[in-house]
Each structure stands twice: as C-alpha cells, then as structure tokens.
Protein chains: 2
Amino acid sequence: MVEEQDERILAELQKDGRATNQQLAETVGMSTSACWRRVRALEEAGVISGYSALVARERAGFATSAILHVSLERHDVKFVDEFVARVMQRREVLECFATTGDADYHLRVVVRDMDAYNRFLDEFMFRIPGIRHVRTNVILKEIKTGVALPF
Amino acid sequence: MVEEQDERILAELQKDGRATNQQLAETVGMSTSACWRRVRALEEAGVISGYSALVARERAGFATSAILHVSLERHDVKFVDEFVARVMQRREVLECFATTGDADYHLRVVVRDMDAYNRFLDEFMFRIPGIRHVRTNVILKEIKTGVALPF
DNA sequence: GCTATATTTGGTAATATCTACCAAATTGGA
DNA sequence: TCCAATTTGGTAGATATTACCAAATATAGC
C-alpha cells in the first residue's frame, strides 16, 4: 500500500513539513503534479494525519516534564474508559501508552514549572477514580524528542 | 520573550503546521506581514525548531513499539556520552529521556515488527557498553501521541 | 503476446500565496 | 512631552498551488 516512492515523500515531509511541493517533487524525483497528487492521497488515506510546527519546549516556557507510571485498581471497561477519556482531554498529557510491565500506563506530561506539576497531580491525576498507583519520573534531560518514523 | 500573540501563533502552527500565512494571520488577528515576520522571528530564535508531517505509525507499517527502562552500570561521563551518542544516531529510538526514578533513561522505540525489535535489542541495545539493565514495556495501545505544547 | 481498460504521469495556466520593501503607527525611555 | 526604536499594515513582483488534459504506463483477461 505505502510503497517506495511514498516512503520517500513521507520521510521528506517528516524532515520538513513545510517543504514546497516543488522542492518535494525534486527531492523524490517526480513531476510536481504527480508528487502533489500522491501527497494528497496520503493525506486522504490518513497516512499523513496532520502537520505540526515543532516548538522548543524550554524556549516556549515549559521548564518541567515527567514520565508517569500509572496503574489502575481494576481493569473494568468502566474504569479504563473513564481514565482514557480524562487523559485525552488534559493537554498537559502529551503522550499516553498502555503498556506491558509493572505499570498499566506510561504518560508524558509537560508543564510550565514544578508548581504546575503539583497542581496537575492534585487537581487531576489523584482525582481520577480507580487509580492504584502513580509514580513520577521527572525528566532531567531530553536526550532526544523525535517524531519521525524510521523509514 | 514569547508573549500572548506569539503563543497564539505557536498554538495554531502546532495544530496546523501547513496553515498558510494568510489563514494564520486571520486566526490570530493581525496583518499578513506582521504575522509573517513574527513567525520568521520565532523560527530564527529557535522557538519553532522545525515543521513535520505527522505520520500514522500503524498505517505506515510500524506495528510494534515499546518503552524501555534503561539503567547504566556506571555514570562516568565516558559511559554516559557513549550511550547518548549511540542512542542519538539510532532512528528507531524516537525519544530518550534521562529521568529520576528506578531507571536512568526512558526510551520510546518504534519498529516494523517484533522481529525487528528483537534485532534492535540484540544488535544495538545489548551491545552498548556499561548497560546494567534494560526492561522492555511493549506498547499495547497508543492512547495519545501528541506533540503540541499546552499553551 | 496482444488488446482493452484503468491508473498514473507530466505539462500547463489560472489562481492563490509568499515575502521584501515602504511609509505610517505604536511603543518605551529620558 | 518628545525622540528614537520598534512594530505595524499595505503593496507588488516573484513564487507556488492546484485543477485540468492528453500522453504514457501499468493491469487484467483472453
């Protein structure tokens, strides 16, 4: 489905999401119109789900971030759905994954400062029903924060 | 430094990284030229570090991903630098954070299938010198994979 | 291997957008 | 209050987008 030339397009658009269609066509080696149509098809097929400016966290004033290990008391749909719904609408939670291992979920949370993080825990996380355990792993250093899939 | 109107621009460009300058100027309520110059300034200041197409992992053929907890034997600069250098150039590692807590590092790794993950461990991770422990937490479900800072 | 059909391609041109420049407006100090 | 520095909106030439077409290429049936 996603073939050779599409992968070249995807790789390039991951590197530069604002590349003009002309640049893109040149780097992947096809005409502007063919290239443009393939990009459009990838968008419509949902392979490209969107475009985003990548903002430097610290320079934008978000000094604090953490990875949370979260476990639920019970795993009834009721509790799981409630947890997922709450997490989805909380914008400080950039990522949330259900995982194997000791914790049920891994979350990455980004806030302006430690004070905001404390409020996040008190006012949001600790009020979610059915939580068994929350362990905070403060991020000391971002070694790498990539979004590009390794084509 | 990053003020009110800049945050509106950043928020919008996070939502739609390919918004035209005209759309952007309209949504944030300023002239196209003023808006364009602010965007340019944000780029040059490194607040906007780039733009990227967001590619749907599974639709692009990357079925498997995991969060790894990694600890080092020793924390001499020598070992740390070596670890960081290797992780940086390995494209399957999308994210790497130095954290507090039981593990020294949290990594998110994305590969095409479990076989590729096994190779990743054998050929890469287990050969890094000075590693004490690697614990794999397979991602069962991506609840949320956001990149937008919560302005 | 050959034809008919469907799909993909490259070229084109009207439309839309970008981006450098200018003069006017606004801001911040002294 | 006045001056200097910065930011603003308007403009226009240069650039890019995007829908259309005919030609080329791939696909399937026989």
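Letters A, B, ... are given to chains in the order of the sequence lines, protein chains preceding strands, and every chain is numbered from 1.
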**Student:** Can you figure out which of dG9(D), dC18(C), dT17(D) approaches the side chain of Arg18(B) most closely?
**Tutor:**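 Per side-chain heavy atoms of Arg18(B), the pick is dT17(D).
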**Student:** Could you list by number each residue of residues 20-28 of chain A showing a heavy-atom separation from DNA chain C of less than 4.0 Å, or answer none if no residue does?
**Tutor:**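 Per residue number, the list is empty: none.
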**Student:** How far apart are the closest heavy atoms of Thr27(B) and Arg8(B), and which atoms are they?
**Tutor:** O-NH2, 4.2 Å
**Student:** Please state whether the rings of Phe124(B) and Phe120(B) are parallel, tilted or perpendicular, taking 30° and 60° as the class boundaries.
**Tutor:**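 Answer is tilted, since the angle falls between 30° and 60°.
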**Student:** Do the side chain of Thr99(A) and the main chain of Ile139(B) share a donor and acceptor less than 3.5 angstrom apart?
**Tutor:**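 No; zero donor-acceptor contacts below 3.5 Å.
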**Student:** Report the distance from atom CZ of Arg38(B) to atom C1' of dT7(D), rounded to the nearest whole Å.
**Tutor:**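 For the pair Arg38(B) CZ and dT7(D) C1', the rounded distance is 8 Å.
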**Student:** Run the side chain to side chain donor-acceptor pair (under 3.5 Å) check on Asp102(A) and His69(A) step by step: do they pass?
**Tutor:** CA-CA 8 Å; Asp102(A) 287 342; His69(A) 300 180; over 6 Å; no
**Student:** If you count heavy atoms of other groups shown closer than 6.0 angstrom to CD of Gln5(B), is the number above 12?
**Tutor:**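 Yes.
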**Student:** Provide a list of protein-nucleic acid N or O atom pairs under 3.5 angstrom, restricted to nucleotides 11-15 of chain C.
**Tutor:**
from    : atom 1 : to       : atom 2 : distance (Å)
dG11(C) : N7     : Ser33(A) : OG     : 3.2
dG11(C) : O6     : Ser33(A) : OG     : 3.3

**Student:** Ring of Phe62(B), cation from Arg57(B) - is the NZ or CZ under 6.0 Å from the centre and inside 45° of the axis?
**Tutor:**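 The answer is no, since Arg57(B) fails at least one limit relative to Phe62(B).
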**Student:** Using whole Å, what does the distance between atom P of nucleotide dG10(C) and atom CD of Gln5(A) come to?
**Tutor:** 8 Å
**Student:** Assign each of Gly29(A) and Trp36(B) to its nearest nucleotide of DNA chain C by heavy atoms, then name whichever residue's nucleotide is nearer the 5' end.
**Tutor:**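 Counting from the 5' end, the first nearest nucleotide belongs to Gly29(A).
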**Student:** Taking ring-ring contact (aromatic ring centres under 6.0 Å, His included) as the test, write out the residues that go with Phe83(A), two or more places apart.
**Tutor:** Tyr105(A)
**Student:** Can a side-chain donor-acceptor contact be found between Gln14(B) and Tyr51(A) if the only test is distance below 3.5 angstrom?
**Tutor:** no
**Student:** So if I take every side-chain heavy atom of Arg40(A) and compare against dA19(D), dG9(D), dA20(C), which nucleotide ends up nearest?
**Tutor:**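 Nearest listed nucleotide: dA19(D).
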